[in-house]
Number of protein chains: 2
Amino acid sequence: MPNSPEIQSDRRQAIRQILELGPAGTQQSLVDALTSQGFVATQSSVSRDLKELGAIKTAKGYELPGPGKGDEVAEVSGFLREIETAGPNLLVIKTAIGAAQRVALALDRSGWPEMVGNVGGDDTVLVATKNAAAQRNLLAKIDRACARG
Amino acid sequence: MPNSPEIQSDRRQAIRQILELGPAGTQQSLVDALTSQGFVATQSSVSRDLKELGAIKTAKGYELPGPGKGDEVAEVSGFLREIETAGPNLLVIKTAIGAAQRVALALDRSGWPEMVGNVGGDDTVLVATKNAAAQRNLLAKIDRACARG
DNA sequence: GTCTGACTCGCATAAATATGCACATATAAA
DNA sequence: TTTATATGTGCATATTTATGCGAGTCAGAC
């Protein structure tokens, strides 16, 4: 029983909030917490959500990386000029002259899993992604990072 | 077949070095890497080592938190005056006057798993640990952090 | 309307991780 | 030395997490 895309994003927002309060020991505990908030989800979905949110597992449980993860990209957002897809698994990012290396480095450090690798030239960065879905996600994430930066 | 404590610490050092090079996807891959370096270990031990090292699991695999984790404690090391054990699971930390709160906060943020909780007074912090082993480890970690700070 | 393609999800299960237990060694005490 | 206590380990397994697959839903094309 698939949900509307909205429900998914609401659920992920809820997970964010729960993790703000403190680490979640197991995915099951997150499922329970979500349930008590009226969300319906299984461990499977939570597993996928956590990956998508970029959560990390520490000795205490799941946590969201503090601000500073992904912010590397926000910091260079001023250099970005244009982003286009090229085929199903390549992004072409045009940057300010000479800024491509810096942008490429920031992307590397972001730790975003949909990115397989990238190369920075002078004013262009090529980003390889696993597939079209990853390509789409990554594009969305970069957009979001820019909105913040 | 238990090992001398030295082997354990060497192995953990080796794990540190391996993780410096890049994230390890699974614990088994770490076991293999260790084996090829002449260390004998099973997944069980690696699991325990990773917890002890404070490793985190990201979408890419196991990583060591960059410098900055545990450094919270290093930053307040100047306020520390004396550390003593009290029973098998309590540490009593004497600090500079008025600094106990700040030290307690730093300890909280360190994320060290052997710490169950702590309370800061004016010049004294009480730290509760699960047991004697955790007490010893924590003491060692604080010492190490101070050496750096 | 039907079709098609992209997407999300749960189920079942594969894969990975954590841990209780027993034993071997080390360490300390007597 | 002998004895007692503590620690580290592997094995076996419990627990937890990830994922292949099929079903359900939606949007857009026709």
Side-chain angles (χ1 to χ4, degrees), chain A residues 1-15 23-35 39-63 85 88-89 113-114 129-137 139-140, chain B residues 1-15 23-35 39-63 85 87-89 113-114 129-140:
Chain A
M1 85 201 28
N3 276 322
S4 77
E6 246 185 69
I7 302 233
Q8 184 187 55
S9 120
D10 285 354
R11 189 186 59 232
R12 289 182 179 166
Q13 192 53 40
I15 291 178
T26 69
Q27 296 182 358
Q28 188 57 48
S29 75
L30 270 175
V31 171
D32 295 343
L34 285 171
T35 301
F39 290 94
V40 185
T42 60
Q43 173 263 326
S44 310
S45 297
V46 171
S47 170
R48 293 186 259 244
D49 289 344
L50 287 172
K51 182 185 285 187
E52 188 57 33
L53 289 169
I56 62 178
K57 193 185 184 189
T58 70
K60 300 229 177 128
Y62 290 93
E63 297 180 38
T85 61
N89 63 339
E114 40 275 278
T129 59
K130 259 199 272 262
N131 50 46
Q135 185 194 52
R136 232 170 319 114
N137 280 337
L139 186 52
Chain B
M1 83 200 31
N3 277 320
S4 76
E6 247 185 70
I7 302 233
Q8 183 187 55
S9 122
D10 286 353
R11 188 186 59 232
R12 287 181 181 169
Q13 192 52 39
I15 291 178
T26 68
Q27 296 182 358
Q28 188 56 49
S29 75
L30 270 176
V31 171
D32 295 343
L34 285 171
T35 301
F39 289 94
V40 185
T42 60
Q43 173 263 326
S44 309
S45 295
V46 170
S47 169
R48 292 186 259 244
D49 287 345
L50 287 172
K51 181 185 285 186
E52 187 57 33
L53 289 168
I56 62 178
K57 192 186 185 189
T58 71
K60 300 227 175 127
Y62 290 93
E63 298 180 38
T85 61
N89 63 341
E114 40 275 278
T129 59
K130 258 197 272 262
N131 50 46
Q135 186 194 50
R136 233 171 316 116
N137 280 338
L138 187 58
L139 186 52

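- For B/K57, the side-chain atoms get nearest to C/dT17 when compared with the rest of C/dG10, C/dT17, D/dT9.
- What you find for B/L30 and B/A24 is that their closest heavy atoms are CG-CB, 3.7 Å.
- B/T26 comes within 4.0 angstrom of the backbone, heavy atoms only, and of no base.
- Nearest approach of A/R12 to A/D49, heavy atoms of both residues: NE-OD1, 2.7 Å.
- Rounded to a whole Å, the CD1 atom of A/I15 is 14 Å from the C1' atom of D/dT17.
- To the nearest angstrom, C1' of D/dT9 lies 16 Å from CZ of B/F39.
- Take B/Q13 and apply the side-chain contact (heavy atoms from CB on, under 4.5 Å) test, not counting sequence neighbours, and it matches B/R16, B/Q17.
- Atoms CD (A/Q28) and P (C/dG10) sit 12 Å apart, rounded to a whole Å.
- Whole-Å rounding puts the A/L50 CG to C/dA16 P distance at 19 Å.
- Between B/D49 atom CG and C/dA18 atom P there is a gap of 12 Å when expressed in whole angstrom units.
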Using nucleotides 12-15 of chain C, report all nitrogen or oxygen pairs with the protein that are shorter than 3.5 Å.
| residue | atom | partner | partner atom | Å |
| --- | --- | --- | --- | --- |
| C/dA12 | N6 | A/S44 | OG | 3.4 |

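- Spacing between atom OH of A/Y62 and atom P of C/dT17 amounts to 10 Å, rounded to whole angstrom units.
- For a distance-only test at 3.5 Å, the side chain of B/R48 qualifies as a donor-acceptor partner of the base of D/dG10.
- Of the listed nucleotides (D/dT19, C/dT19, D/dA18), D/dT19 has the atom at the smallest distance from the side chain of A/K51.
- B/I15 CD1 to B/L34 CG: the interatomic distance, rounded to the nearest 0.5 Å, is 5.0 Å.
- Contact between A/T58 and B/I56 at its shortest, heavy atoms only, is CG2-CG2, 3.7 Å.
- The distance from atom CZ of B/R12 to atom P of D/dT9 is 7 Å, rounded to the nearest whole Å.
- Taking the side chain of B/Q27 as heavy atoms from C-beta on, and the options C/dT17, D/dA18, D/dG20, the nearest nucleotide is C/dT17.
- Within the 4.0 angstrom heavy-atom criterion, only backbone atoms of the sugar-phosphate kind lie near B/S45; the bases stay farther away.
- With rounding to the nearest 0.5 Å, the separation of NZ in B/K51 from NZ in A/K60 is 12.5 Å.
- Taking atom CG on B/L30 and atom P on C/dA18, their separation rounds to 12 Å, with Å as the unit.
- Atoms CG and CD, from A/D32 and A/Q43 in turn, are 11.5 Å apart once rounded to the nearest 0.5 Å.
- Between A/R11 and C/dC9 there is a side-chain polar atom (N or O) within less than 4.0 angstrom of OP1 or OP2.
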